[in-house]
Protein chains: 2
Amino acid sequence: MRIGELADKAGVSTRALRYYEEQGLLRSERTASGQRLYEESAADRVRLIQELYTAGLGSRLIVTLLPAIDARQVGPELLIRLLDERAQIEAKAAVLQDAGRRLDMLIHLARYPDAESCPTSLDQAVAQDSMSP
Amino acid sequence: MRIGELADKAGVSTRALRYYEEQGLLRSERTASGQRLYEESAADRVRLIQELYTAGLGSRLIVTLLPAIDARQVGPELLIRLLDERAQIEAKAAVLQDAGRRLDMLIHLARYPDAESCPTSLDQAVAQDSMSP
DNA sequence: CTAGGACTTGACGTTGACGTCAAGGGCAAG
DNA sequence: CTTGCCCTTGACGTCAACGTCAAGTCCTAG
């Protein structure tokens, strides 16, 4: 398949696909005239890349991660980074949860403006200081 | 308190605090010479702002949100945006969960490189197409 | 009184994941 | 052949939340 079809199937732009290739995240065959060709499996690969991006991982980590995922082989150096990133994801997920609850309170407030529905923890942020020495 | 002390207490830079003020997220008194002065409660306010930022909300939404939080009063127009943002946070949290699990598999793989520990769902991204028409 | 740290405004720099033109080549249908 | 859509590389633009000087002012300890 060519780049446009892959873009459709994976739900990203063609620009993004070229960017991924530029970053070493995605390979492609080329026709004689230079057009990119992809296997069917490329769509899954792109969705995986998107997932990792959305999780806040950068290109440089992902480009290291993908071969490890493919080979199912993780070295000790990568493990260090993984543990760090895992902790960051954990923290980010927690903040997301809190913010989500806060929005839920506001949404509830918009629908039932009567009683003091959620008296507490609407102003104060949750203490997220669990990582400092 | 002056801006440096608040920055310390809230765990952000002074530049960030000035930026928040510039965006209308944070108010301050001024001394005769023009230096900013803050109440003790400003630290909580800043942490709240940070939480909302970390949740992916932009300045423009937060500047609308803060008065609603203070007054505990949410209009119908804001409710629309809240529902949308809530859904986005939900989706993002889900992706974060998936990516976290994926990292966990890799971490597990690094520690127990023996058995085919996690045979499935290491390559393929989870279908996150639940929002398209 | 003075040294030096904290503060002010203003303005430009950074970063990442693309968006968006520009200028041209490729390819199937009519 | 030519219309029209897809593709190519290249290069500049964007956006947000700050970082980072620069040049000058303020305040406090000694």
Side-chain angles (χ1 to χ4, degrees), chain A residues 1-38 42 45-66 85 88-89 92 95-96 99 125 128, chain B residues 1-38 42 45-66 85 88-89 92 95-96 99 125 128:
Chain A
M1 69 195 328
R2 294 190 299 176
I3 197 174
E5 192 179 345
L6 176 58
D8 281 353
K9 287 194 181 178
V12 302
S13 69
T14 62
R15 178 65 176 94
L17 294 179
R18 292 197 197 93
Y19 177 74
Y20 297 163
E21 184 169 329
E22 190 181 315
Q23 299 298 311
L25 305 177
L26 190 63
R27 287 170 307 165
S28 65
E29 304 294 311
R30 295 299 184 110
T31 69
S33 64
Q35 297 200 350
R36 272 167 265 252
L37 290 183
Y38 300 93
R45 169 60 56 125
V46 170
R47 275 188 282 266
L48 172 58
I49 293 172
Q50 263 296 310
E51 176 183 312
L52 297 175
Y53 270 134
T54 307
L57 308 187
S59 291
R60 289 210 304 281
L61 177 58
I62 299 181
V63 80
T64 310
L65 226 54
L66 288 181
E85 295 287 343
Q88 289 189 34
I89 287 180
K92 207 166 175 180
V95 175
L96 239 62
Q128 78 257 43
Chain B
M1 68 195 327
R2 294 191 298 176
I3 196 174
E5 192 179 344
L6 176 59
D8 281 354
K9 287 193 180 178
V12 302
S13 69
T14 62
R15 177 67 176 92
L17 295 179
R18 293 197 197 93
Y19 176 76
Y20 297 163
E21 185 169 328
E22 190 180 317
Q23 299 299 310
L25 304 177
L26 190 62
R27 287 170 308 163
S28 65
E29 304 293 311
R30 295 300 184 109
T31 68
S33 64
Q35 296 202 353
R36 273 167 263 252
L37 289 183
Y38 300 93
R45 168 62 55 127
V46 170
R47 275 189 282 264
L48 172 58
I49 293 172
Q50 264 295 310
E51 176 184 311
L52 297 176
Y53 270 133
T54 307
L57 308 188
S59 292
R60 289 211 303 280
L61 176 58
I62 300 181
V63 79
T64 310
L65 227 54
L66 288 182
E85 295 287 342
Q88 289 189 32
I89 288 181
K92 204 167 177 179
V95 176
L96 239 63
Q128 77 258 42

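No hydrogens, no waters, no symmetry mates; every other heavy atom, side chains included, goes into these values. First the proteins, then the strands, lettered A, B, ... as listed; each starts at 1.
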Please report the distance, rounded to the nearest Å, between [atom1] in [X] and [atom2] in [N].
| X | N | atom1 | atom2 | answer |
| --- | --- | --- | --- | --- |
| B:Leu17 | D:dT20 | CG | C1' | 16 Å |
| B:Tyr53 | D:dC15 | OH | C1' | 13 Å |
| B:Leu57 | D:dC15 | CG | C1' | 16 Å |
| B:Glu22 | D:dG19 | CD | C1' | 14 Å |
| B:Leu61 | D:dC15 | CG | P | 18 Å |
| B:Gln23 | D:dC18 | CD | P | 10 Å |
| A:Ile49 | C:dG16 | CD1 | P | 17 Å |
| B:Ile62 | D:dC18 | CD1 | C1' | 13 Å |

Next item on the list: Respond yes when some side-chain nitrogen or oxygen of A:Tyr20 is under 4.0 Å from OP1 or OP2 of C:dC18, and no when none is.
Entry: yes
Margin query: Below the 4.0 Å mark, does D:dA17 have OP1 or OP2 next to a side-chain nitrogen or oxygen of B:Tyr19?
Written below: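 Yes, such a contact exists.
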Next item on the list: Give me the residues of residues 3-13 of chain B where at least one heavy atom lies under 4.0 Å from an atom of DNA chain D, by number, or none.
Entry: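 Only B:Ser13 qualify.
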Margin query: Counting only heavy atoms not in B:Glu22 (residues, nucleotides, ligands), do more than 12 fall under 6.0 Å from its CD?
Written below: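 Correct, the count exceeds 12.
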Validation: residues 1-19 of chain A side-chain donor-acceptor distances under 3.5 Å, sequence neighbours left out:
| unit_1 | atom_1 | unit_2 | atom_2 | d |
| --- | --- | --- | --- | --- |
| A:Arg2 | NH1 | A:Gln35 | OE1 | 3.1 |
| A:Lys9 | NZ | A:Glu40 | OE1 | 3.1 |
| A:Ser13 | OG | A:Ala16 | N | 3.0 |

Check: Is it the case that A:Tyr20 and A:Ser59 place a side-chain donor and acceptor less than 3.5 Å from each other?
Finding: no
Next item on the list: Measure the shortest side-chain to side-chain distance between A:Leu57 and A:Glu85 over non-hydrogen atoms and say whether it is less than 4.5 angstrom.
Entry: yes
Note to self: List the residues meeting side-chain contact (heavy atoms from CB on, under 4.5 Å) with A:Glu21, not counting sequence neighbours, and say none if there are none.
What the structure shows: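 Checked A:Glu21 against side-chain contact (heavy atoms from CB on, under 4.5 Å); matches are A:Ser28, A:Arg30, A:Arg36, A:Tyr38.
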Next item on the list: List the steps, then state whether side chain to side chain contact (heavy atoms under 4.5 Å, CB included) holds for A:Leu26 with A:Arg45.
Entry: CA-CA 8 Å; A:Leu26 190 63; A:Arg45 169 60 56 125; 3.7 Å; yes
Next item on the list: Check the pair B:Ile49 / B:Leu66 against side chain to side chain contact (heavy atoms under 4.5 Å, CB included), numbers first and verdict last.
Entry: CA-CA 9 Å; B:Ile49 293 172; B:Leu66 288 182; 4.1 Å; yes
Checklist line | Inter-residue atom distance A:Leu25.CG - A:Ile62.CD1, 0.5 Å rounding | finding: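 Answer rounded to 0.5 Å: 6.0 Å.
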Checklist line | Contact nearer the 5' end of DNA chain D, comparing B:Ala32 with B:Gly58 | finding: B:Gly58
Note to self: Need to verify one output field. Residue with the more 5' nearest nucleotide on DNA chain D, B:Arg2 or B:Arg60?
What the structure shows: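 Counting from the 5' end, the first nearest nucleotide belongs to B:Arg60.
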What does the list of N/O pairs under 3.5 Å between the protein and nucleotides 21-26 of chain D look like, with a distance for each?
| unit_1 | atom_1 | unit_2 | atom_2 | d |
| --- | --- | --- | --- | --- |
| D:dC26 | O3' | B:Ser33 | OG | 3.3 |

Notebook entry, point to check: What is the minimum heavy-atom distance between A:Ala99 and B:Ile89, and which atoms define it?
Noted result: CB-CD1, 4.5 Å
Next item on the list: Going 5' to 3' through nucleotides 9-15 of chain C, assign each nucleotide B (protein heavy atom under 4.0 Å from a base atom), S (under 4.0 Å only from sugar-phosphate atoms) or - (no protein heavy atom that close).
Entry: B-B----
Next item on the list: Take the C1' atoms of the five end pairs on each side of the helix from C:dC1-D:dG30 to C:dG30-D:dC1, get both axes, and report the angle to 10 degrees.
Entry: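 The angle separating the two end axes equals 0°.
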Checklist line | Counterpart residues, side chain to side chain donor-acceptor pair (under 3.5 Å), relative to B:Gln88 (two or more places apart) | finding: B:Asp84
Check: Looking across every strand, which nucleic acid part, if any, lies under 4.0 Å from B:Ser59 by heavy atom: base, sugar-phosphate, or nothing?
Finding: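 Touches sugar-phosphate only.
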